[in-house]
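Working notes, beginning with the structure itself.
Order of listing sets the numbers, starting from 1, for every ligand and every atom in it.
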Amino acid sequence: MKKILFVTSEAVPFIKTGGLADVTGSLARYIDRQNYDVRVILPKYACMDEMWKNKLRFHSHFYVSLGWRNQYVGILETVEAGVHYYFIDNEYYFAGPQPYNQLHEDIEKFAYFSKAALAAIGMIDFVPDVIHCHDWQTALVPVFLKAFSEDYPLLHHTKTVMTIHNLRFQGRYTMDVVKNLTGLSDDYFTPDKLESYGEANFLKGGIAFADIVTTVSPTYALEIMTREGGESLDGLLYARRNSLYGIINGLDSAEYDPNHDIYLTQNFGISNMREGKAANKLALQRELHLPEDEDTIMLAMVSRLTDQKGLDLIAYVMDEMLSHARLQFVVLGTGQEQYANMLRYFADKYPDKLSANICYSEQLAHRIYASADALLMPSLFEPCGLSQLMSYCYGTLPIVRETGGLKDTVQPYNEYEHTGTGFSFANYNAHEMLNTIYYAMHIYYDDRAQWDEMAQRDMRMDFSWKKSAREYEKLYERLLEN
Ligand code: GLC
């Protein structure tokens, strides 16, 4: 039995701010249990739901050195859906109303977490063959493992994987502060290691020191080796190209099954897709105070409200779109205030056409996926994207920009061959997006049979973890062979 330890700053069902949590939480469950014992270690945040906090049992405690400091580490544990989870407890670091706060706090918090997670391994009677790290918050793990190897005698044969879910976030901070905090010696802060543009860069360290680097789609893996997509780390990523893999994310398909989804007004399957979606649409229109009309196309967006997600394109053409076209647009998400305000403004101006829900709601998200006809994802960049995969499950056609994982998972409709799974455009240009939306509307209103056929095709696709989990297993095998 091979032992794998995920180190992550979030995982469903315990704590989630984005797709990272969906992926770490569900992948851990889909790795083959006959051959692997996958466990997960994450922080115990004060902001976690009481229901989950109450399930955690105390395991042990100790102190860990962080630079010149000596900090308390509590280990809590629980088993959920057959997976063993460990939680690092420290009320000073993991307080606050959300997992992430100001950068200077997060830098120290996650340097601490990475150090504590490694040290905890000595206490839990689980010596991993592979430590699998996710994003910048855990990127110092491979660095510490190398730099302080004498502190981890159990881990001399342990390999590391660094998965990049979003290269935009790197954990960059003033070099002196990070030196002082981590106790890493000066030779770790050179341009081939942690140094980047005069600062210390956590993710850079992870990419430099991990045995294997992965990211969440093949196209994003290529894009991040280029100047445009490399977020200033393209040089190092290119240098590591022989150890860089793009593996598309999977979905926990049981959670997005319109046949059994408890949040829907009416459950449906492939055979009664059209009627099922119409019933849900009418109910959602009522809920959101939009005119009740099953024949008007409903576009949706379920997304963090950040510039990554293409909201600038939407802002640019929103007036044009809402003043002319026969459509309804439903948005759900939280994020940057400027985008929230933009959406509130237009919802005020076009109350019959736009419903802006500036909040986080899993239930509403499911009802939107089930009710909408199309899902808009005009991302500036997109490492993988999960919403388009969720929308497929409900027969909702994605309209996306051809970037990263969107390019890998959405095949554009071809009206001559009757193939495709959605609609797409190439350039980050608002009118290119708008024309693609208009083209999709034309198919919806003028060739509904084709539209419905495509929706049913989408519902039949399989983006469960079955395939992608096998690819991770292959990587683990490859690592452990040498
Ligand atoms: C990040 C990326 C998203 C990806 C997710 C999980 O949120 O922005 O594209 O799907 O991580 O890997």
Exercise. Just by modelled atom types, is the I297 backbone N or O under 3.5 Å from a matching donor or acceptor in the D373 side chain?
Worked result: no
Problem set entry | Cation-pi, F144 ring and K115 (6.0 angstrom, 45 degrees) | yes
For this session: Check the pair W451, Y413 against ring pair (Phe, Tyr, Trp, His ring centres under 6.0 Å), reporting the backbone distance first and the verdict last.
Result: CA-CA 10 Å; W451 181 283; Y413 175 59; 8.6 Å; no
For this session: Using the six-membered ring of Y188, assess whether NZ or CZ of K193 lies under 6.0 Å from its centre and within 45 degrees of the ring axis.
Result: yes
Exercise. Any donor and acceptor pair, going by atom type alone, linking the side chain of T403 with main-chain N or O of F381 inside 3.5 Å?
Worked result: no
Seminar exercise, completed: Under 4.0 Å from ligand 1, residues with heavy atoms, in chain and number order, are G19, L20, V23, H165, N166, V216, N249, R304, Q308, E382, P383, C384, G385, L386
For this session: Report yes or no: does E10 contribute a side-chain atom to a donor-acceptor pair with the main-chain N or O of K16 at less than 3.5 Å?
Result: no
